[in-house]
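Heads up: the structure comes next, in structure tokens.
The figures that follow rest on heavy atoms only: side chains count, while hydrogens, waters and symmetry mates do not.
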Amino acid sequence: MLLGLEIDEPLADAPELSDAEQGHVDEAVAAIEQAWAAALPAMPLREGIGPLFLRRAGIWRLSQAGWQLTAQDAAQDVLLARLPWSLGVVMLPWLDGLLTVNWPRPAIPAPPPEDADPAHPDQEPRDA
């Protein structure tokens with residue numbers, strides 16, 4: 001699907017990218033990593049985006065709306081909810097429609113109230 005191959009077509013060794021193609025890939029990855037750093041400066045991408053989001057197990061389904069990919073749960077999915085952009089829709093030139101990616105959305109705990117006692121975070125704040 002992502003490579004524009006038929007489902008029963010064997011996948012040969014990855015073709016070599018031209019210098020121009022590799023340059024486009026490098027620019028795209030750098031732009032994503034730069035946007036990540038701006039959106040989440042306290043959570044740097046030490047290994048890059050590949051291990052976190054691009055190389056993930058998942059399940060493919062064909063629905064009336066088109067192809068859907070449901071990514072397997074991973075610890076880093078909590079970071080997706082903090083991004084100011086969506087990673088849920090993919091447009092590829094060889095697809096007739098859109099590819100929808102369903103990312104797990106773990107709940108993010110709410111921050112404690114400003115008047116909470118840091119020594120007892122589970123205790124309800126008292127009125128003065």
Side-chain angles (χ1 to χ4, degrees):
M1 174 62 58
L2 294 177
L3 300 175
L5 302 173
E6 294 298 322
I7 193 84
D8 58 350
E9 188 174 340
L11 182 61
D13 291 335
E16 291 292 321
L17 297 177
S18 69
D19 289 343
E21 292 169 328
Q22 186 62 52
H24 290 306
V25 170
D26 294 342
E27 288 173 12
V29 169
I32 292 168
E33 290 176 349
Q34 184 177 18
W36 181 282
L40 300 168
M43 299 175 200
L45 291 171
R46 287 178 175 65
E47 301 293 324
I49 62 170
L52 292 176
F53 304 111
L54 300 180
R55 291 186 288 266
R56 294 275 296 272
I59 298 172
W60 289 95
R61 290 191 178 96
L62 181 58
S63 71
Q64 290 178 345
W67 281 101
Q68 295 187 1
L69 172 61
T70 301
Q72 186 177 38
D73 291 6
Q76 65 268 21
D77 292 337
V78 71
L79 303 176
L80 294 173
R82 297 178 183 221
L83 291 176
W85 64 83
S86 171
L87 298 174
V89 178
V90 178
M91 294 173 30
L92 298 170
W94 53 84
L95 290 180
D96 292 331
L98 299 175
L99 166 63
T100 303
V101 182
N102 301 309
W103 295 96
R105 293 286 188 172
I108 298 175
E114 290 183 22
D115 58 345
D117 181 357
H120 304 285
D122 296 332
Q123 189 178 38
E124 291 291 322
R126 293 184 288 176
D127 291 330

Separation between CD of E21 and CD of E16, rounded to the nearest 0.5 Å: 10.5 Å
Least distance between heavy atoms, W103 atom then A71 atom: CE3-CB, 3.7 Å
Reported CD-to-CG distance for the pair Q64 and L62, which is rounded to 0.5 angstrom: 10.0 Å
Partner set under side-chain hydrogen bond (donor to acceptor under 3.5 Å, both in side chains) for D73, not counting sequence neighbours: none
Derivation of the side-chain contact (heavy atoms from CB on, under 4.5 Å) call for W67 and D96: CA-CA 10 Å; W67 281 101; D96 292 331; over 6 Å; no
Spacing of M91 atom CE and L99 atom CG [to the nearest 0.5 Å]: 11.5 Å
Given L98, I59, V101, T100, the one that forms side chain to side chain contact (heavy atoms under 4.5 Å, CB included) with Q68: T100
